[in-house]
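For reference, positions follow the sequence shown, starting with 1.
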Amino acid sequence: MAGPEPLMPMVVLTNPGSTANLADAGWLAALTAAERDLTELHARTPTEVVAAVARAVDMGAELIVVNGGDGTVDLVFGALLARKLPRMPAVAMLPAGKTNMTAAGWSLSGTKDGALRDLLAARRTAPHRLQTVQRPILRVDGGDQPLFGAFFGAADVVDGILFCRRHIYPLGLPNPVSHAAAISIMCWRALLGFTAQHLEADIGGERPARESGRFFCVIATTLDALLLGVQPAPANGGGPIHYLSLRPGPRALIAATPALLARRIDTGYRRTVRRADAVTLRFTGAYTLDGELHAASAERPVSVGVGGHVPIVRLRPP
């Protein structure tokens with residue numbers, strides 16, 4: 001008598017140090033104990049993530065589910081792209097970290113256990129619901145080694161992220177509430193006239209452009225939406241990267257408020273929204289890639305481009 005049909009080979013790559021996994025270390029086992037053709041691998045450090053991705057590929061995994069936050073996801077992206085595979089396994093992301101913008105924007109949202117439960121059910125009984133889309137991944141050069149991710153931010157926006165990590169995330173609030181609090185703090189900084197960083201930005205694309213001066217925020221992202229679901233609405237076409245910059249000062253912030261409330265932001269007073277192929281920035285200070293913080297020096301430009309594409313899985317409605 002024939003046994004059950006094999007399922008799509010799947011690896012769950014767990015970061016035990018991510019925020020949600022630290023809070024509830026045993027949540028995964030209760031959902032995966034009876035699952036066939038599923039292997040769980042643990043990886044906490046960058047070196048361990050690279051090794052876990054290599055093992056998943058060698059095992060023939062067709063789907064890698066990242067059980068961690070955006071920082072873990074970025075390491076998986078980098079490890080996959082570095083291997084230059086003729087056929088790359090698809091990636092799904094659970095919202096299991098401090099920041100889960102990439103998971104919410106491209107893959108799975110809601111609670112981590114609810115998202116995994118839905119994914120496993122679709123894998124068993126409704127594989128047509130597993131929609132795979134090739135997504136462009138940012139490559140950021142300017143440090144000792146390239147970084148990969150989906151959301152790059154610089155200027156005063158980084159101070160909001162720092163405050164959020166130090167003072168708001170420890171409160172255990174839902175991520176949307178945490179992000180709203182961080183944005184409110186950044187807005188107060190702008191209204192009160194805090195000094196913003198000086199940056200120079202060369203924006204490559206069908207119509208190259210250059211900006212320089214003090215900025216409240218500079219963003220380059222391949223996500224379709226920013227925090228709180230705000231969607232960029234660039235005037236120009238072409239280019240896989242959304243570039244957004246906003247100058248400091250209360251008038252600029254007030255002018256942008258209606259667009260932010262409508263969750264659709266375009267070019268306007270003291271702000272630029274456009275598509276780009278690549279962005280090169282010169283500044284001294286901190287920048288963020290998907291919530292992780294890095295340092296830049298004006299003597300060494302930071303270049304942001306597309307480092308490749310990764311197949312990302314999300315669920316179609318039942």
Side-chain angles (χ1 to χ4, degrees), residues 2-16 18-21 23-43 49 52-53 55-70 72-77 79-81 85-97 99-137 150 174-176 222-225 229 290 309-318:
E5 291 188 9
L7 298 175
M8 173 194 296
M10 174 174 156
V11 165
V12 178
L13 196 159
T14 293
N15 180 353
S18 75
T19 301
N21 291 325
D24 185 6
W27 75 272
L28 189 69
L31 295 179
T32 61
E35 288 292 320
R36 295 182 289 113
D37 303 309
L38 183 150
T39 302
E40 184 183 7
L41 302 177
H42 284 203
V49 170
V53 168
R55 185 178 172 195
V57 170
D58 292 342
M59 292 169 57
E62 296 180 17
L63 175 61
I64 298 175
V65 180
V66 184
N67 176 24
D70 285 344
T72 307
V73 167
D74 290 354
L75 293 171
V76 171
F77 288 160
L80 285 171
L81 292 170
L85 299 165
R87 186 172 184 273
M88 189 181 294
V91 174
M93 294 161 268
L94 302 177
T99 55
N100 303 292
M101 284 182 63
T102 311
W106 282 350
S107 191
L108 306 173
S109 58
T111 63
K112 62 186 187 307
D113 48 343
L116 181 60
R117 189 178 291 109
D118 290 345
L119 181 67
L120 293 175
R123 174 175 172 260
R124 287 192 305 268
T125 63
H128 63 278
R129 291 188 59 206
L130 302 177
Q131 180 184 22
T132 302
V133 179
Q134 294 284 338
R135 299 290 188 178
I137 307 302
N175 273 351
T222 49
L223 295 174
D224 299 321
D290 294 329
H309 291 71
V310 172
I312 305 296
V313 167
R314 70 183 314 157
L315 292 179
R316 292 187 175 95

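- The two atoms that bring N100 and G68 nearest to each other are OD1-O, 3.9 Å, heavy atoms only.
- With contacts defined as side-chain heavy-atom distances shorter than 4.5 Å, the pair I312/F77 qualifies.
- Of all non-hydrogen atoms in A92 and L108, the two that sit nearest each other are CB-CD1, 4.4 Å.
- Side chain of D70 to main chain of T102: a donor-acceptor pair is present (N/O by atom type, distance under 3.5 Å, no hydrogens or angles).
- Panel note: side chain D118, backbone A115; no donor-acceptor pair is recorded below 3.5 Å.
- Under the side-chain contact (heavy atoms from CB on, under 4.5 Å) criterion, P136 pairs with T222, P240, V306, H309, not counting sequence neighbours.
- The CG atom of D113 sits 10.5 Å away from atom CG of N67, with the distance rounded to the nearest 0.5 Å.
- Counting only distance, with no hydrogens or angles, the side chain of N21 and the backbone of A96 share no donor-acceptor pair below 3.5 Å.
- Counting all heavy atoms, side chain and backbone alike, S18 lies closest to G97 at CB-CA, 4.4 Å.
- Separating the CG atom in L38 from the CE atom in M10 is a distance of 4.5 Å, to the nearest 0.5 Å.
- The CH2 atom of W27 sits 5.0 Å away from the CG atom of L94 when rounded to the nearest 0.5 Å.
- Counting only heavy atoms from C-beta outward, the side chains of D290 and V73 never approach each other to under 4.5 Å.
- Side-chain contact between P89 and V57 is present, with heavy atoms from C-beta onward closer than 4.5 Å.
- The pair R135-D224 meets the salt-bridge criterion, since a charged nitrogen lies less than 4.0 angstrom from a carboxylate oxygen.
- By the 4.5 Å heavy-atom criterion applied to side chains, M93 and V76 are not counted as neighbours.
- Results of the side-chain contact (heavy atoms from CB on, under 4.5 Å) test with E40 over V11, V65, L28 single out L28 as the only residue that passes.
- Contact check for E35 versus R123: side-chain heavy atoms found under the 4.5 Å cut-off.
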Cut-off 3.5 Å, no hydrogens considered: what does the side-chain donor-acceptor table look like for residues 125-134, sequence neighbours left out?
{"unit_1": "T125", "atom_1": "OG1", "unit_2": "A121", "atom_2": "O", "d": "2.9"}
{"unit_1": "R129", "atom_1": "NE", "unit_2": "R316", "atom_2": "O", "d": "2.7"}
{"unit_1": "R129", "atom_1": "NH2", "unit_2": "R316", "atom_2": "O", "d": "3.0"}

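- With hydrogens and angles ignored, the 3.5 Å screen pairs a side-chain donor or acceptor of S107 with a backbone N or O of V313.
- Looking only at side-chain heavy atoms (C-beta outward), L116 and T32 come within less than 4.5 Å of each other.
- Contact record, G60 with P9: O-CB, 3.7 Å, taken as the closest heavy-atom pair.
- Screening residues 55-66 for side chain to side chain donor-acceptor pair (under 3.5 Å) gives no qualifying pairs among residues at least two apart or on separate chains.
- No side-chain heavy atom of R36 sits less than 4.5 Å from a side-chain heavy atom of R124.
- Looking at heavy atoms from C-beta onward, P311 lies in side-chain contact with M88 at the 4.5 angstrom threshold.
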